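Taking it in order: structure first as structure tokens, then the write-up.
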Amino acid sequence: MVGPRAWIGGLFNRSANRRNERFHDYHLTPPQEERLQRLQERLQTPFDESRPDHQAALRDLWRIAFPNVVLNGLISEQWKDMGWQGPNPSTDFRGCGFISLENLLFLAKNYPASFQRLLFKQGGNRATWEYPFAVAGINVSFMLIKMLDLFSEKPRCLPGMNFVRILGEDEAAFDVLYCVAFEMMDAQWLAMHASYMEFNEVLKVTRRQLERELSLEDIDRIQDLPAYNLLYQAQKVTLDNFRRDLNYEDRDHF
């Protein structure tokens, strides 16, 4: 190619090369390197149904989700009520490992309002065929791992680079980002009036939005992401409802 078009193409190629060099040549601080390594070690841990601590984590998730329902066993048809594909959740973890269970537990313990709303599909105009909660959660974990390029020695994309910078300041950054991503995915699901067969497309749209937000220059914490408001609002609505119910109970005493 010759002429102006060749010049434009060469300019774009040089710009792309400079961006790629920036993504490859940056250096991690000691805290960033240490925390990224620990996160990558978590990614390498498969779910092992023979390990007592993994069994306990799974039971803990059930207890938080259904506190008034006795679990019959780690292999039980009851697990389908949480959105697992079959009676043995361990088969669903094969695609992502133990970290996906840790992510679900982090959501349940730290953002209980969001956990309950997502699990029981509360709010919004819901589809007849909804996405299965637990399996969707595993897919969100896997999407984040790929999006942030976490299997590389160090991320080679702008969202991943910015994430590692945040991780250096907050070791829980991945787990908090997971909670944001799950809420964002559900918001996209409702906005797109999606049904079961469209889940992958919803996940793609969610990923693109997260990539845009993680590429912003003024993001120093996961809490700075615009989408973090989805988590905040879910907790605020629950707190407001609790206060309202408490006021009603106080009135009943008079």
Side-chain angles (χ1 to χ4, degrees), residues 61 65 80-85 92-93 95-96 99-150 155 157-163 166 172-219 221-238 241:
L61 183 65
K80 294 180 181 179
D81 294 338
M82 196 187 292
W84 301 99
Q85 294 186 88
D92 290 327
F93 288 118
C96 200
I99 193 169
S100 54
L101 176 54
E102 291 180 311
N103 291 156
L104 285 169
L105 274 171
F106 186 90
L107 173 64
K109 293 178 178 180
N110 292 275
Y111 300 98
S114 287
F115 178 80
Q116 292 291 322
R117 193 188 68 78
L118 294 167
L119 171 61
F120 296 111
K121 307 295 190 298
Q122 298 168 346
N125 185 15
R126 293 290 172 177
T128 302
W129 294 97
E130 279 285 324
Y131 63 83
F133 169 78
V135 175
I138 292 177
N139 276 273
V140 171
S141 296
F142 186 73
M143 178 268 289
L144 288 178
I145 294 168
K146 298 291 285 184
M147 182 190 79
L148 299 172
D149 195 22
L150 293 179
C157 59
L158 183 56
M161 290 169 57
N162 285 340
F163 169 76
I166 295 170
F174 183 79
D175 299 276
V176 178
L177 181 61
Y178 169 85
C179 300
V180 173
F182 209 148
E183 275 283 6
M184 182 185 286
M185 184 278 294
D186 187 72
Q188 293 287 0
W189 175 273
L190 292 173
M192 294 170 64
H193 305 287
S195 190
Y196 182 79
M197 297 302 292
E198 298 166 297
F199 178 79
N200 286 336
E201 182 59 32
V202 172
L203 207 58
K204 290 178 183 177
V205 174
T206 302
R207 172 172 173 163
R208 289 196 293 269
Q209 179 62 29
L210 271 176
E211 286 174 332
R212 285 193 292 268
E213 294 197 9
L214 278 168
S215 298
L216 298 173
E217 294 183 354
D218 57 345
I219 301 299
R221 308 173 304 154
I222 298 300
Q223 289 82 354
D224 293 333
L225 294 172
Y228 183 80
N229 287 328
L230 294 170
L231 273 178
Y232 171 76
Q233 289 299 329
Q235 312 316 304
K236 184 176 183 299
V237 167
T238 298
N241 289 341

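From a predicted model like this one, the values you see are computed outputs, not experimental measurements.
With hydrogens and angles disregarded, a donor-acceptor distance shorter than 3.5 Å links the side chain of Ser215 to the backbone of Glu211. Looking only at distances, a side-chain donor or acceptor of Glu198 sits under 3.5 Å from a matching main-chain atom of Ser195. No donor-acceptor pair closer than 3.5 Å links the side chain of Asn110 to the backbone N or O of Leu107.
Looking at Trp84 and Ile138, their side chains come closer than 4.5 Å, going by heavy atoms from C-beta outward. Leu210 is not listed as a side-chain neighbour of Pro159, based on a closest heavy-atom distance of 4.5 Å or more. The shortest distance between side-chain heavy atoms of Ser100 and Phe93 falls below 4.5 Å. Contact of the Leu214 side chain with the Met147 side chain is registered, since non-hydrogen atoms from C-beta on lie closer than 4.5 Å. Contact annotation: the side chain of Met82 approaches that of Leu61 to within less than 4.5 Å [non-hydrogen atoms, C-beta and beyond]. Proximity of Ile222 to Val180: side-chain heavy atoms (C-beta onward) are separated by under 4.5 Å at one or more points. A heavy-atom distance below 4.5 Å is found between the side chains of Lys204 and Glu201.
Closest approach of Pro226 and Glu213 over heavy atoms only: CD-OE1, 3.2 Å. Pro132 approaches Tyr196 most closely through the heavy-atom pair CD-CE1, 3.6 Å. Across Val202 and Met192, no two heavy atoms sit closer than the pair CG2-SD, 3.9 Å. Counting all heavy atoms, side chain and backbone alike, Ile145 lies closest to Cys96 at CD1-SG, 3.9 Å.
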Fill in: side-chain contact (heavy atoms from CB on, under 4.5 Å) evaluation trace for Ile166 with Ile219
CA-CA 8 Å; Ile166 295 170; Ile219 301 299; 3.8 Å; yes
Discussion item. Please determine whether side-chain contact (heavy atoms from CB on, under 4.5 Å) holds for the pair Phe163 and Leu150, giving the CA-CA distance in whole Å, both sets of side-chain angles, and the decisive distance to 0.1 Å.
Written reply: CA-CA 10 Å; Phe163 169 76; Leu150 293 179; 4.2 Å; yes
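The distance from the CG atom of Asp92 to the CD atom of Gln85 is 4.5 Å, given to the nearest 0.5 Å. Atom-to-atom distance recorded for Met143:CE and Leu203:CG is 5.0 Å, nearest 0.5 angstrom. In this structure, the separation between SG on Cys179 and CG on Leu230 is 12.0 Å, given to the nearest 0.5 Å. The distance from the CG atom of Asn162 to the CG atom of Asp224 is 11.5 Å, given to the nearest 0.5 Å. Taking CG of Leu119 as the start and CZ of Arg117 as the end, the distance is 11.0 Å to the nearest 0.5 Å. With values rounded to the nearest 0.5 angstrom, Arg221 atom CZ is found 14.0 Å from Leu177 atom CG.
Applying side-chain contact (heavy atoms from CB on, under 4.5 Å) to Ser141 and the options Asn103, Leu101, Leu104, Asp175 leaves one that passes, Asn103.
Salt bridge annotation for Asp186-Lys121: absent, with no cationic side-chain nitrogen under 4.0 angstrom from a carboxylate oxygen.
In this view, Phe133 and Phe115, Phe182 satisfy the ring pair (Phe, Tyr, Trp, His ring centres under 6.0 Å) rule, not counting sequence neighbours.
More than 12 non-hydrogen atoms from other residues, nucleotides or ligands lie less than 6.0 angstrom from CZ of Phe106. For Asp218, the CG atom is densely surrounded, since the number of other residues' heavy atoms within 6.0 Å is greater than 12. In Lys80, the NZ atom is crowded: over 12 heavy atoms of neighbouring residues, nucleotides or ligands sit closer than 6.0 Å.
Ring orientation note: the planes of Phe199 and Tyr131 are tilted relative to one another, at an angle of 30° to 60°.
For residues 130-145, the pairs satisfying salt bridge (charged side-chain N to carboxylate O under 4.0 Å, His left out) are Arg126-Glu130, with sequence neighbours left out.
For Ser114 and Glu183, the side-chain atoms include at least one donor-acceptor pair closer than 3.5 Å.
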